[in-house]
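Below is one structure, written out as structure tokens; the observations come after it.
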Amino acid sequence: MKETPLSLCEKNFVIQAIKQNQRLDGRNNDELRSLRINYGSDWGSVIVALGETKVLAQVSSELGEPKATRPNEGILHINVELGPMAASHFEAGRNCELTVQINRTLERTFKDSRAIDLESLCVISDERVWMLRVDLNVLNHEGNLIDCCSVATLCALAHFRRPDVSVIEDEIRIHTSAEKEPLKMVMHHYPVCVSYVVFDGGRIAIADPTVAEERTSDTQMIFGINSFGELCCLNLGGSSLTSPTLLLQCSKKAAKHAKSVVNQVKKSLENDSEAREAGKKVGFAGCLHQNTITSLGEDRLVLKLRNFTFNDINEDVEPNIKIVQGKLYSNPHYKPDIKWIPEAASDNSIPLESDTDGGENLQGTVKECLKRNDVQANFPISKQKHAIKQITSSDSEEEEKVIL
């Protein structure tokens, strides 16, 4: 099933908002969505939610033969599954371009950077090593899947415990958790991915993009950075070239974001370890009782745009509008008679003062003036403020409504 294309109006709306330094959810350009981490009862099981993007990760291990080129190292394999649960256009059991991109990015970030000590997974050189497999199942796709999958992979590997083994006369014995305490993974550093998308020909970059922002962007930048600020992976893709200055600025911001995310991951691991030692209930069932895992972790999309205007609005509008006794007249030479406040016009306690042709002061509320039919108002229309008012005449049997 093909993905539903965005309309031209939707694309223009997103692009115009970003050019005015505004985003649909009210975030700043370099602000990330809220990150929530919940661990399961099994070792290496975790659900990570980045905004409304949710990923379930599970690590499993088994003994196998090492590679001939590296007989003293274990094997790490990362697999990402995108199904109809994540989005309606994904097909179960079928790899798409996005799946391949996420897999390759995560392998470069964790395997090629030597984040895990693979030599510690060796049991017998050239015979038996531990083979680790990280399965990532995307539960909901709301943009920035790579960042969410990288955090889920990091949390799952740091939370996983492999069984202890003993070698007796070339015989390998795997101990249970009751016999010997499972062993932690040896990790040299903690890498995560930070994504940016570029708009306006490489002049504006925003972090943690949503689905609409990803589909309307020109370029995508993915930084794989650890907590020490070391670059593990860099992926650039798109139609427009990115300036070196913008690339360096984004890399510095990505290093700060990566450090804060790694600190949050470490804190979540400590909280889970303390809860297990204290004998508290852990796992996804306990998270459901505590209401920390919900189907919709955040409110629905609320537009938080301030002073938003379209640049392509037609400026050929009526210069003035004259309202006399509930009827609409166009008079470009008519001068305003009343000081009209659009925001406060609906309030009956706002006094109106002006000089009429007879030299008398007109005082009273809006509704009182309209009832006397002695109000002549002039409303200038601009492209930035479109006031919608309904003015009725109570003298007529059928009320006439005028909408500006």
Side-chain angles (χ1 to χ4, degrees), residues 1-34 49-55 82-91 96-99 101-102 138-149 194-222 235-242 246 250 295-317 381-388 403:
M1 181 178 179
K2 292 185 179 181
E3 186 177 6
T4 305
L6 288 177
S7 64
L8 186 61
C9 295
E10 292 174 325
K11 292 182 179 180
N12 292 336
F13 182 78
V14 174
I15 293 174
Q16 291 288 346
I18 291 175
K19 286 183 179 180
Q20 300 176 27
N21 295 326
Q22 299 185 29
R23 302 178 70 175
L24 301 185
D25 49 7
R27 289 182 293 152
N28 297 326
N29 288 347
D30 58 345
E31 184 179 354
L32 276 71
R33 291 174 290 181
S34 60
L50 183 61
E52 289 299 331
T53 302
K54 295 181 177 63
V55 176
L82 291 175
M85 181 181 293
S88 59
H89 62 276
F90 293 131
E91 297 182 8
C96 60
E97 184 179 356
L98 182 60
T99 306
Q101 180 185 4
I102 296 174
V138 180
L139 304 179
N140 191 33
H141 176 30
E142 286 294 336
N144 202 7
L145 274 179
I146 294 181
D147 290 17
C148 191
C149 289
V194 181
S195 299
Y196 288 86
V197 290
V198 180
F199 290 87
D200 197 13
R203 286 184 287 270
I204 301 175
I206 61 175
D208 190 13
T210 59
V211 176
E213 292 170 347
E214 285 181 346
R215 298 177 63 182
T216 55
S217 63
D218 300 330
T219 309
Q220 184 180 21
M221 298 184 295
I222 302 173
N235 186 11
L236 300 177
S239 57
S240 64
L241 298 177
T242 306
L246 182 64
C250 293
S295 59
L296 297 176
E298 296 181 352
D299 297 334
R300 290 288 81 192
L301 179 62
V302 178
L303 298 182
K304 299 180 181 180
L305 301 181
R306 297 178 298 274
N307 300 326
F308 176 77
T309 57
F310 274 107
N311 295 332
D312 297 330
I313 292 181
N314 187 12
E315 298 183 359
D316 297 334
V317 296
I381 297 179
S382 63
K383 66 177 182 179
Q384 296 182 353
K385 294 182 179 180
H386 298 276
I388 299 177
I403 299 178

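- Counting only heavy atoms from C-beta outward, the side chains of Y196 and L246 never approach each other to under 4.5 Å.
- For the atom pair M85 CE and K54 NZ, the distance stands at 12.0 Å (nearest 0.5 Å).
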key: Evaluation steps, side-chain contact (heavy atoms from CB on, under 4.5 Å), between L24 and F13   = CA-CA 10 Å; L24 301 185; F13 182 78; 3.3 Å; yes

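- Shown here for A212 and V14, the closest heavy-atom pair between the two residues is CB-CG2, 4.3 Å.
- Expressed to the nearest 0.5 Å, how far CD1 of I15 lies from CD of E10 amounts to 12.0 Å.
- The two residues V55 and C149 make their nearest non-hydrogen contact at CG2-SG, 4.0 Å.
- Atom-to-atom distance recorded for R33:CZ and L50:CG is 4.5 Å, nearest 0.5 angstrom.
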request  = Give the C-alpha distance, both sets of side-chain angles, the deciding distance and a yes or no for salt bridge (Lys or Arg N to Asp or Glu O under 4.0 Å) between R27 and D208.
outcome  = CA-CA 10 Å; R27 289 182 293 152; D208 190 13; 3.4 Å; yes

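- To the nearest 0.5 angstrom, L82 atom CG is 3.5 Å from T99 atom OG1.
- Looking at R23, its side chain never comes within 3.5 Å of a backbone N or O of A17 through a donor-acceptor pair.
- A distance of 9.5 Å separates OG in S195 from CG in L145, rounded to the nearest 0.5 Å.
- By the 4.0 Å N-to-carboxylate-O rule, E213 lies too far from R215 to be salt-bridged with it.
- Put simply, the side chain of N235 never gets that close to the backbone of I222: no donor and acceptor are under 3.5 Å apart.
- Here I146 contributes atom CD1 and C148 contributes atom SG; the two are 11.5 Å apart, rounded to the nearest 0.5 Å.
- At least one donor-acceptor pair under 3.5 Å links the side chain of T53 to the backbone N or O of G143.
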Stepwise side-chain contact (heavy atoms from CB on, under 4.5 Å) test for I18 and D200 = CA-CA 9 Å; I18 291 175; D200 197 13; over 6 Å; no

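- Looking at E214, its side chain does come within 3.5 Å of a backbone N or O of N144 through a donor-acceptor pair.
- The minimum heavy-atom distance linking F90 with C96 is given by the pair CE2-SG, 4.1 Å.
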